[in-house]
Trainee: 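My questions will all concern the structure given below.
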Amino acid sequence: TTIRLEVARYRPGEDDAPAFQPYDVPLMADWAVLDGLNYVKDHLDGSLTYRWSCRMGVCGSCGMNVNGEPRLTCGTFLSEFGGGPVRIEPLKGFPVIKDLVVDIDDFLAKLSSVRPWLVREGEELPLSTEYAQTPAQLEAYKQYSMCINCLLCYSACPVYVLDPDFLGPAAIALAQRYNLDSRDMDDRFDVLNQDEAVWGCTFVGECTKVCPKHVDPAEAIQRYKLTAAMRSVLPWSRR
Ligand code: FES
């Protein structure tokens, strides 16, 4: 038994619209969409271009639009789609470099912009200094640390797709990963309290629905809105 994949191929110069190329691949019970693409690459068409690495939902590089929804292709089984066809496209909202590969430079710049490190102030301590945490302190931010930077939340976000300047779900969740860490002394108010940041979110919640790691960026954003509102009336409050 086979299943048909309809794969977007990038045709630069021809109004940049993708053309869909059909490939019939074996329909195996334990094959993910990524296995189907690897079959195409190995046996049918070596020119097909896409990203992947770990094959186990960890590296975050294999995100694509599968039948219109942003999914990790290594975690999406071909058998989900009955007799097919399965339409595979690059993630929406990002410039296409080739076939299924998108440009992630803007995304990486957004992650960097939230100061994704532990900020300490007024200290000169030896590098060996330890900052112990209780399990409860770890729990406070652990959920937000599970992000694998797969871009699915951006691709699903109607605000980001219309306004590429929107800071976006993963970057705000990343900021909260540090804001809520007991070892951190920043609250990233300058970056997050902006129309293009938390106040741009309309709480559609698609980011949370598609997140394969249950990070819940929508909750992270609403939570920071409360923090920002409190900080406006009580300037000394944080978090
Ligand atoms: Fe690494 Fe899919 S290949 S997350």
Trainee: Got a sec: does the NZ of Lys213 have more than 12 other heavy atoms crowding it under 6.0 Å?
Mentor: yes
Trainee: Tell me, please, whether Phe189 has Arg231 positioned over its six-membered ring: NZ or CZ under 6.0 Å from the ring centre and within 45 degrees of its axis?
Mentor: yes
Trainee: Can you confirm whether Asp195 is buried at CG, in the sense that more than 12 heavy atoms of other residues, nucleotides or ligands lie under 6.0 Å from that atom?
Mentor: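 Check fails, neighbour count at 12 or below.
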Trainee: Under 6.0 Å from the six-membered ring centre of Phe20 and within 45° of its axis: does the NZ or CZ of Arg87 meet both?
Mentor: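 Judged by the rule, Arg87 and Phe20 form a cation-pi pair.
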Trainee: Could you pull out all residues at least two apart from Phe107 that satisfy ring-ring contact (aromatic ring centres under 6.0 Å, His included)?
Mentor: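 ring-ring contact (aromatic ring centres under 6.0 Å, His included) list for Phe107, sorted by chain: Tyr154.
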Trainee: Does Lys209 reach the main-chain N or O of Ala156 with its side chain, forming a donor-acceptor pair under 3.5 Å?
Mentor: no
Trainee: Are the side chains of Asp181 and Gln133 in contact, using a 4.5 Å heavy-atom criterion?
Mentor: yes
Trainee: Mind checking whether Leu27 and Thr2 have side chains closer than 4.5 Å, heavy atoms only?
Mentor: no
Trainee: When you compare the side chains of Asp45 and Tyr23, does any donor N or O come within less than 3.5 Å of an acceptor on the partner?
Mentor: yes
Trainee: Run the ring-ring contact (aromatic ring centres under 6.0 Å, His included) test against Tyr39 and tell me which residues pass, sequence neighbours left out.
Mentor: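 Tyr39 satisfies ring-ring contact (aromatic ring centres under 6.0 Å, His included) with Trp31, His43 once adjacent residues are dropped.
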Trainee: Should Leu108 and Leu151 be counted in the same cluster of Ile, Leu, Val, Met, Phe, Trp and Tyr side chains packed under 4.5 Å apart?
Mentor: yes
Trainee: Just how far is it from atom CG of Leu118 to atom OG of Ser182, taken to the nearest 0.5 Å?
Mentor: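 Rounded to the nearest 0.5 Å, the CG-OG separation comes to 9.0 Å.
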Trainee: Going by side-chain hydrogen bond (donor to acceptor under 3.5 Å, both in side chains), Thr49 matches just one of Lys41, Lys98, Arg9. Which one?
Mentor: Lys98
Trainee: Salt bridge between Asp184 and Arg115, side-chain N to carboxylate O under 4.0 Å?
Mentor: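 Here Asp184 does not pair with Arg115 in a salt bridge, since their nearest N and O are not under 4.0 Å apart.
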Trainee: Indicate the atoms forming the closest heavy-atom contact of Val66 with Thr73, along with that distance.
Mentor: CG2-CG2, 3.9 Å
Trainee: Should Val101 and Val96 count as side-chain neighbours, where that means a heavy-atom distance under 4.5 Å?
Mentor: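 No, their side chains stay 4.5 Å or more apart.
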Trainee: Taking the side chain as every heavy atom from C-beta outward, state whether Glu196 and Asp163 have any atom pair closer than 4.5 Å.
Mentor: yes
Trainee: Decide yes or no for Tyr144 and Glu219: does some side-chain heavy atom of the first lie under 4.5 Å from some side-chain heavy atom of the second?
Mentor: yes
Trainee: Considering non-hydrogen atoms only, spot the tightest contact between Pro164 and Asp106 and give its length.
Mentor: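 Where Pro164 meets Asp106 most closely, the heavy atoms are O-OD2, 3.8 Å.
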Trainee: Would you kindly say whether Asn38 and Tyr50 are connected by a side-chain donor-acceptor distance under 3.5 Å?
Mentor: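 Looking only at side-chain atoms, Tyr50 and Asn38 do form a donor-acceptor pair, the distance falling under 3.5 Å.
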Trainee: Would a hydrophobic clustering, with Ile, Leu, Val, Met, Phe, Trp and Tyr connected at side-chain separations under 4.5 Å, put Phe94 with Ile172?
Mentor: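 Yes: a chain of side-chain contacts under 4.5 Å links Phe94 to Ile172.
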Trainee: For Tyr131 and Gln137, test the side chains for any donor-to-acceptor distance below 3.5 angstrom and give the result as yes or no.
Mentor: no
